[in-house]
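For the numbers below, each heavy atom of this structure counts, side chains included, while hydrogens, waters and symmetry mates do not.
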Amino acid sequence: GNPVRARRASERGQVAVYAVLLFPVLMLTLALVLAVGTIEGLRTRIRAQLDMAALTATQALDPAGLAAGEPPRLQVAEAERLAREYLALNLAATGDVLAATPSEIAAAAEIVVSNEPGIDPITGAENTVPTVSIQISAPARIPLLGLAGIDPVVTLTIDGSASART
């Protein structure tokens, strides 16, 4: 018979074999893309929550110094307390995505309250005014990573800071 027809007949079913072999790879790729998007979205939300906690902590200005006409200074203990309190409150809005409680993350946060000009030890930025900087390690559950055989808990390390304004 016809050699072209014979060749086509021997190739029947190859598309189905390719589809069956490629489908899991495509699904895995989709799961990883969605997981990375979820991680980046979560990182952005947590960074905003962290920045708001730092900004709230910069309200702990020394009222006696301000009344005496001195340059603004932060009350270190009060600024750190406010930073931890508001960080925990803000992280509570994240829901059950976090693998640790918001209060555990806030308690373990590294907080630096700086009244002197210099380089911020957390962000590396130059400070010219009183600043509160925070760095956290937040373990988050990303279930889509489990589909790829990867540990579904990822630790996000995030930092941020805010400067006191008068």
What residues form a side chain to side chain donor-acceptor pair (under 3.5 Å) with [X], not counting sequence neighbours?
| X | answer |
| --- | --- |
| S133 | D120 |
| S163 | T131 |
| E70 | none |

Tell me whether [X] shares a hydrophobic cluster with [Y], the cluster being built from Ile, Leu, Val, Met, Phe, Trp, Tyr side chains joined at under 4.5 Å.
| X | Y | result |
| --- | --- | --- |
| L89 | L87 | no |
| L55 | V129 | no |
| L145 | V97 | yes |
| L30 | F23 | yes |
| I39 | L28 | yes |

Among all residues two or more places apart in sequence or in another chain, which pass the side chain to side chain contact (heavy atoms under 4.5 Å, CB included) test with [X]?
| X | result |
| --- | --- |
| L144 | L34, A35, L147 |
| A138 | I46, L98, I105, I136 |
| V153 | A99, P139, R141, D151 |
| T44 | none |

Under the side-chain hydrogen bond (donor to acceptor under 3.5 Å, both in side chains) rule, what pairs show up with a residue in residues 45-56, not counting sequence neighbours?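 Qualifying pairs: Q49-T94.
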
Side chains of [X] and [Y] in contact at under 4.5 Å (non-hydrogen atoms):
| X | Y | result |
| --- | --- | --- |
| T157 | S137 | yes |
| L32 | I150 | yes |
| V20 | V17 | no |

Of all residues at least two apart in sequence or in a different chain, which pass the salt bridge (Lys or Arg N to Asp or Glu O under 4.0 Å) check with E104?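 Here no residue qualifies.
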
Show every salt bridge (Lys or Arg N to Asp or Glu O under 4.0 Å) that has at least one partner inside residues 18-43, sequence neighbours left out. E40-R43

Exercise answer: donor-acceptor pairs, residues 75-83 side-chain atoms, under 3.5 Å, sequence neighbours excluded:
| residue | atom | partner | partner atom | Å |
| --- | --- | --- | --- | --- |
| E78 | OE1 | R81 | NE | 3.1 |
| E78 | OE2 | R81 | NH2 | 2.8 |
| E80 | OE2 | R84 | NE | 3.4 |
| E80 | OE2 | R84 | NH2 | 3.1 |
| R81 | NH1 | E85 | OE1 | 2.5 |

Under the criterion side chain to side chain contact (heavy atoms under 4.5 Å, CB included), I'd like the reasoning laid out for D159 against I134: C-alpha separation, chi angles, the key distance, then a yes or no. CA-CA 6 Å; D159 60 54; I134 306 172; over 6 Å; no

Contact summary for L61 and A164, nearest pair of heavy atoms: CD2-CB, 3.9 Å

Pairwise distance CE(M27) to OG1(T29) - rounded to 0.5 angstrom: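 Rounded to the nearest 0.5 Å, the CE-OG1 separation comes to 8.5 Å.
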
Kindly list each side-chain donor-acceptor pair under 3.5 angstrom involving residues 108-116, sequence neighbours excluded, with atom names and distances?
| residue | atom | partner | partner atom | Å |
| --- | --- | --- | --- | --- |
| S114 | OG | E116 | O | 3.1 |
| N115 | OD1 | L74 | N | 2.6 |
| N115 | ND2 | L74 | O | 3.0 |
| E116 | OE2 | R73 | NH1 | 3.0 |

